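Each ligand, and each atom within it, is numbered from 1 in the order the structure gives. Here the structure is a predicted model, which means the values were calculated and not measured.
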Amino acid sequence: MNKRKYKSSPLLVLLIGMFLVGACGKKNEAFSDRKVSFNSDWSFHLNDSLKDNDTISTTTAWRSLDLPHDWSIEGKFDEKSPAGYGGGALTGGLGWYKKTFKVAAQDSTKITTITFDGVYRNSQVWINGHYLGKRPNGYIGFQYELTPYLNYGDQNNEIIVKVDNSKQPNSRWYSGSGIFRNVWLETTDKLHVAQWGTYITTPKVTNEQATVQLETTVQNQNGTAQKATLTTTIYKEDTKVTSVTQDITIVANTRQTIQQKTVIDTPILWSVATPELYTAITEVVVADKIVDQYTTQFGVRSFKFDANKGFILNGKQVKIKGVCMHHDLGPLGAAINTRAIERQLEILKNMGVNGIRTSHNPPAPELLDLCDKMGFIVMDEAFDMWKKTKTPFDYGNDWDQWHKQDLIDQLLRDRNHASIFMWSIGNEIPQQWDESGAKIAKELAAITRQYDKTRPITAAMNPPVNMNIDEVTLQFDKAKVQYNTIAASGALDIIGYNYAHQTYAFHQKNFPGIPFIATETTSALATRGYYDAVSDSLKKWPVRWDLKFTEGNPGNTVSSYDQVQAPWGSTHEATWKIIKKYDFLSGMYIWTGFDYIGEPTPYEWPSISSYFGIVDLAGFPKDVYYMYQSEWTDQTVLHLFPHWNWKVGQNVDVWAYYNKADEVELFLNGKSVGTRSKKGDDLRVMWRIPFQPGTLKAVSRKNGKVVLEKEIKTAGNPYQLQLEADRSTIKADKNDLSFVTVSILDTKGTLAPNAKNEIHFSLKGNGKIVSVCSGDPVSHESYKGTKHTALAGKCLVIIQSGTTSDKLELTAKANGLKQATIVISTE
Ligand code: GAL
């Protein structure tokens, strides 16, 4: 993470002041914010392809909005959308953004740049009529210098951004469209730390001492050489840890990279459980005046991937329990919001997840900042395709011209993040099956090593076997291994395979001495809250890829018992059992943590979002979440399902996930129906019992002592709505969000598990309803509306603050149900 803006605490300001006055004899001065948000007050126009002829004119109608913005999420789901169901049946198109702004007269002696963290896709930018450039890749950050073209003082400047996402399909999943990440305006002295200009590594780490290597690129945009001192000071929170200073001379109009070295004594190591970070403040000082200040966060940790012991972090073996995530934020679409990402990570952390794979592209910088802070092992992935396209208009078409720069920019942007432990150079690249795969893999690996030697390189590949689900070749023969040209190329430090869990046990025979990571696993499917009452007699849709929904469950639902999978995948249990068993398997990244828009495998209208998530699109966990929680966390778990509303006499399978106990006893209306224990590598217990309404109760025990009790009651008719906010006080900063869960309850407060009422929302106060969602993959109601139909008794409404402190009053109403109101304070 590189920020020019450093929010100093008063103590830190004092410390820096004392240091500058005391140690260096330099005077303290408040350093103004260098990097400011440039998200507010943009105008937007979505081209009408028939009328607009790809241009804007004086008659163009604009609407005002703040960034980040995703225009696709505002559209209607359409079976005939050119993006296809893979793209979530939403549309792309061609959009224009413009913003008028002034730059203070005193900044005319400075350098001004604009940074876009990501624009999907094919952006072109103009400032005051001057063309600045183009970036086809929607996920990469880029910067343009504005200085030569700016007007200063009272005169206006106009920036125009054209975003062309009209050629569809260009993605296998929902991409979103527009300036969907943050935009920043940066003002620096002509002598300054360059963009992504610091690289901090810790080549030697022991408990006693860490060596810190500082590589700083200083850019001199003056017409004369500049003499300065370069000081890097490392802080742990507000305490100065160490500092290093050097005199530098930078020739006119050049940039120079300066190496500095220092040590941190008794370093506080970054780990998943204790994600401790250090802050380096780099200062460029000319004639006793700080002319530039640049902040970099980093972590001190040692790690390796071992062919026998898997992933070792700070000397200890850590199994990577990761999930893959696409960049969309469910009903908010692809427009990034830091709180929404943080909530996803909180939900995953609570399940025991310790790893995130940024499938299949560089993520928003805010995700990486949060992973640094919250403790996740990130696999930062560059590409979903190389030169060979996967969809007709995707990045493969831009490969030749852009891949090198995009990869370098990703590495420069991301390489200081403590949470990143490996680079993935691609996902299921079609060239893995021909000779060009080896050549490109070597080229990408060489670029990656040039910019970062501290992390291993992998690729998410498919194993070189015919993965027929019924007949699996468990061990490769040499000839077949060669068949995957990327795996065989020698370019990779870690062999990464997607799926084929049946082959993992044989990895050491197939690739002796090379570590392994399951880059992508599982692809199991479920609709939250839906069950076939008797699980193994009704493995309906989609047990097989080639079956249609019409042969499966009505309404395109998928049973939430962990029994339904894509044919190339497995149940959740099957893959985890293998990963758990072998030390040499570093871990896995499950497809996926959250459901995402698009790719409703198999493609079958009216489904428009995925079923793969352990958590649904709204952020509500599906049952298997608790299997992982019982295995991956220290929390005491007893999770009982399904719901208890069935036909009298019908056989129902009751499952329980539990831990920290040696047995679970189940009672129906007070009468025991049996005690069960997990045997061998079992991950749950099950009872099959005829349904009687009433109360189902599970009691887990250890050595005869009760550990936990859980009850599920038969619900009566839906009677009332209930609102619960994840946070009832949020910041009045126009960004913060409160996620409110709406539950439909009976008269006694029991969740009505089959309720699907349409709920209407209204909000009073300085804030707005920004999204509604039930997590239902077949719903075509807009996420941007103020009404939504519940799924399995639940729905989510997301409230965003305004700019003034207020008490926001959210009311939910549904025909025939008692309404509910909740107050959310903004301050
Ligand atoms: C994988 C692919 C993912 C997703 C997944 C669905 O092969 O890498 O992007 O498509 O299949 O199961």
**Request:** Anything with a heavy atom under 4.0 Å from ligand 1 counts, so go ahead and list those protein residues by chain and number.
**Result:**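 Around ligand 1, where the cutoff is 4.0 Å for heavy atoms, the contacting residues are R172, H360, N427, E428, N498, Y499, E520, S523, W568, W591, E599, F612.
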**Request:** Could you tell me whether D595 and R528 have a side-chain N and a carboxylate O separated by less than 4.0 Å?
**Result:**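 Salt bridge absent between D595 and R528.
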Answer yes if the ring centres of [X] and [Y] are under 6.0 angstrom apart, and no otherwise.
X    : Y    : value
Y561 : Y531 : yes
W71  : Y120 : no
F516 : Y504 : yes
F180 : H327 : yes

**Asked** Partners of W402 by ring-ring contact (aromatic ring centres under 6.0 Å, His included), sequence neighbours excluded?
**Response**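 Applying ring-ring contact (aromatic ring centres under 6.0 Å, His included) to W402 gives none.
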